[in-house]
Amino acid sequence: MFQRILIANRGEIALRVIRTAREMGIEVVAVYSDFDRRALHTRMAHFAVPLGGSLPRESYLDMAKVIRAAKETGAEAIHPGYGFLSENADFAQKVSDAGLAWIGPPPSAIRAMGDKITSRRNMKQAGVPVVPGLVDPVADVEMALAEARGIGYPIAIKAAAGGGGKGIRIVRAEKEMAGAFRTASGEALASFGDGRLYLERYLEEPRHIEVQLLFDKHGNGVHFGERECSIQRRHQKLIEEAPSVIVTPELRAKMGAIAVQAGRAVGYQNAGTVEFLYSKGEFFFLEMNTRLQVEHPVTEMVYGVDLVREQLRVAAGEKLGFTQADIQPKGWSIEVRINAEDPFNNFVPSTGTIKNLRAPGGPGVRMDGALYRGMEVGLNYDPMLAKLIVWGGDRDEAIRRMVRALQELNVGGVRTGAPAALLVLEDERFRKGNFDTHFLASMDLSNASGGEDVLVAAVAAIHRHLLSRRRALATSASSRTHWQQRSRSRLSPYPSHQAEPHRAPEKRP
């Protein structure tokens, strides 16, 4: 097993990896931009190395800086987290060429699945069902119009190198094609440096179902069931759950087997996810994420597995410690992304300083985040601040628990999407499992103050209770015990100051 690793990421996912690594006795090196010099992941890591700059391209996306930090601190491996360089085949190759272990799939698998056109072609050849459409890019609007007539409207125009909902347009008639094509191509070029587009049939009422995979380096591969990710806006997920209310044990086995088949077709290793669109009894391959995903905690809660631990074990060359027959779901888990955005104003980003913070607790509640009071929330990075995850014995209990947890949550200083999540969870259609990927877009959030009132009322009640207790304690300050005096000091095992960033630690023998 590794003795020291570097995490090429920030925020919540950096903390997520740090926690598991610490439990495994692995030392961690964090990297940070100028904007993140006080970030929590730099304080919880054993060592922190500055990358400089405040923009991603000046720091977390600078391959040479990240690899140099790993070499100078004696790290043996790099974990990319998700986002940034996590699905960059060139970076994975450079890491390996530098003599470091890559905690992720081989560069060849990233390339095979990173390009949407190439992945569709590979999956079709492997016998994996794909959405009807093209496996080659379209050169221009005229070609797109000709091909669309054969596929049939509505058509989805998609970026070949896409991700995160960028470079996607829906065309319902020929007259819309020219404008949509130019817009999608321009967005794809700006976002990915690649303006190529392809066409596929647009499914009207799809559900977004994905399957978690794990492969070792010895040819063993398993799946951990499915996640339902249909509650999304502009192709960005807000609520995820495991399992899916529409997936039967028979369908789970079928989808899982096909997902494993897809992974084997590209020589996959480590953790990854195959995403499907499900519509009217059929499911089709959408794409494969060659990394750990944001919503991995719901799988962990239902299957009792630490996927980061398994990533580290696999990258170190160990075999899987279980077979498919050993993997059985238990209960239900739901995750809500806590994004810095205003759900009552078309989800525009919200910036500011975190002034108040209270994380919910209690049985079956988990919060993955990197929040702290005084933290600045800007526009340089992804708006996700944290993830709130709950587990329940069944779906009804999980929903009730998430509602209660969201009502306890208080993130003061910026707006978050929590009230919108509350409205979804309390909607009778969602509770009955009657929804698709258009569900959130169909909701009228302009009249959603009731959802926010619920949150505000709960926060106010708890605040009044805590304030009352503080006043009561203040009256007996003179009788404070020796332990109470000492409890004011920091008793954390983590350093209370910034780790020395400029001095590389000695390498272990």
Side-chain angles (χ1 to χ4, degrees), residues 104-106 108-110 112-114 116 118-133 135 200-201 203 206-230 240-293 295-296 298-305 307 310-311 313-314 319-333 433:
S108 59
I110 298 176
M113 290 306 207
K116 301 298 185 293
T118 302
S119 65
R120 280 173 60 84
R121 187 181 296 120
N122 290 335
M123 293 301 96
K124 199 167 184 179
Q125 292 174 352
V128 175
V130 300
V131 178
V135 293
E200 67 180 27
R201 191 178 83 200
L203 303 178
R207 295 179 77 126
H208 188 131
I209 310 292
E210 58 189 35
V211 177
Q212 176 69 57
L213 298 178
L214 184 66
F215 285 83
D216 63 21
K217 297 182 178 181
H218 306 278
N220 303 305
V222 296
H223 69 84
F224 288 89
E226 81 285 351
R227 297 186 286 256
E228 170 83 61
C229 304
S230 298
E240 303 100 357
E241 58 182 309
S244 168
V245 71
I246 64 166
V247 174
T248 64
E250 294 75 22
L251 181 57
R252 179 175 302 120
K254 185 176 181 180
M255 294 181 78
I258 288 178
V260 171
Q261 179 181 333
R264 291 194 188 282
V266 295
Y268 204 82
Q269 296 171 12
N270 216 273
T273 299
V274 172
E275 300 191 351
F276 295 102
L277 287 180
Y278 177 91
S279 178
K280 300 176 181 178
E282 297 180 285
F283 62 91
F284 304 96
F285 172 84
L286 177 63
E287 63 181 349
M288 184 174 188
N289 295 122
T290 52
R291 54 170 169 77
L292 192 69
Q293 280 199 276
E295 55 271 25
H296 75 273
V298 293
T299 296
E300 293 183 324
M301 301 287 269
V302 169
Y303 286 90
V305 61
L307 288 171
E310 297 305 321
Q311 281 192 295
R313 291 183 61 251
V314 166
K319 291 184 178 181
L320 297 183
F322 37 76
T323 65
Q324 191 64 59
D326 299 322
I327 301 171
Q328 299 296 330
K330 181 180 179 182
W332 212 281
S333 183

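- In terms of heavy atoms, Ser279 sits closest to Pro206 at CB-CA, 4.4 Å.
- In this structure, Thr299 OG1 and Glu240 CD are separated by 10.0 Å, a value rounded to the nearest 0.5 Å.
- Looking at Phe224 and Glu310, their side chains never come closer than 4.5 Å, going by heavy atoms from C-beta outward.
- Note that the CD atom of Gln261 and the CE atom of Met123 stand 8.5 Å from one another [nearest 0.5 Å].
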Please lay out, stage by stage, how Val274 and Glu210 fare under the test side-chain contact (heavy atoms from CB on, under 4.5 Å).
-> CA-CA 6 Å; Val274 172; Glu210 58 189 35; over 6 Å; no
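- Judged purely by atom type and a 3.5 angstrom limit, Arg120 uses its side chain to pair as donor or acceptor with the backbone of Val131.
- With hydrogens and angles disregarded, no donor-acceptor distance shorter than 3.5 Å links the side chain of Glu241 to the backbone of Trp332.
- Considering only heavy atoms from C-beta on, Pro105 stays 4.5 Å or farther from Phe215 through its side chain.
- Put simply, OG on Ser230 and OH on Tyr278 are 11.5 Å apart, with the number rounded to the nearest 0.5 Å.
- Smallest separation of non-hydrogen atoms from Ser244 and Glu228: OG-OE1, 2.7 Å.
- Separating the CD atom in Glu250 from the CE atom in Met255 is a distance of 13.5 Å, to the nearest 0.5 Å.
- Heavy atoms only, all atoms of each residue included: Cys229 and Glu295 are closest at SG-OE2, 3.9 Å.
- Side-chain N or O atoms of Gln324 include one that pairs as donor or acceptor with a backbone N or O of His223 at under 3.5 Å.
- Distance check, rounded to the nearest 0.5 Å: CD1 of Ile258 to CZ of Phe283 gives 3.5 Å.
- For Thr118, the side chain to side chain contact (heavy atoms under 4.5 Å, CB included) partners two or more places apart in sequence, or in a different chain, are Asp115, Arg121, Asn122.
- Nearest heavy-atom pair, Gly331 versus Pro243, reported as atom, atom and distance to 0.1 Å: O-CD, 3.6 Å.
- Contact of the Ile110 side chain with the Arg291 side chain is not registered, since no non-hydrogen atoms from C-beta on lie closer than 4.5 Å.
- Residues Val222 and Thr323 form no side-chain contact, since every pair of their non-hydrogen atoms from C-beta on lies 4.5 Å or further apart.
- Between atom CG of residue Leu213 and atom CG of residue Asn289 there is a gap of 10.5 Å, rounded to the nearest 0.5 Å.
- Listed by first and then second residue, the side-chain hydrogen bond (donor to acceptor under 3.5 Å, both in side chains) pairs involving residues 265-277 are His208-Glu275, Arg227-Thr273, Lys237-Glu275, Asn270-Gln311, Thr273-Gln293, Glu275-Gln293 (not counting sequence neighbours).
- Contact record, Met113 with Ala262: CE-O, 4.0 Å, taken as the closest heavy-atom pair.
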I would like to know whether Phe276 and Glu226 meet side-chain contact (heavy atoms from CB on, under 4.5 Å); could you show each step before the answer?
-> CA-CA 10 Å; Phe276 295 102; Glu226 81 285 351; over 6 Å; no
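- A pairwise comparison of heavy atoms in Val211 and Gly256 identifies CG1-CA, 4.1 Å as the closest pair.
- Tyr303 places none of its side-chain heavy atoms less than 4.5 Å from the side chain of Gln212.
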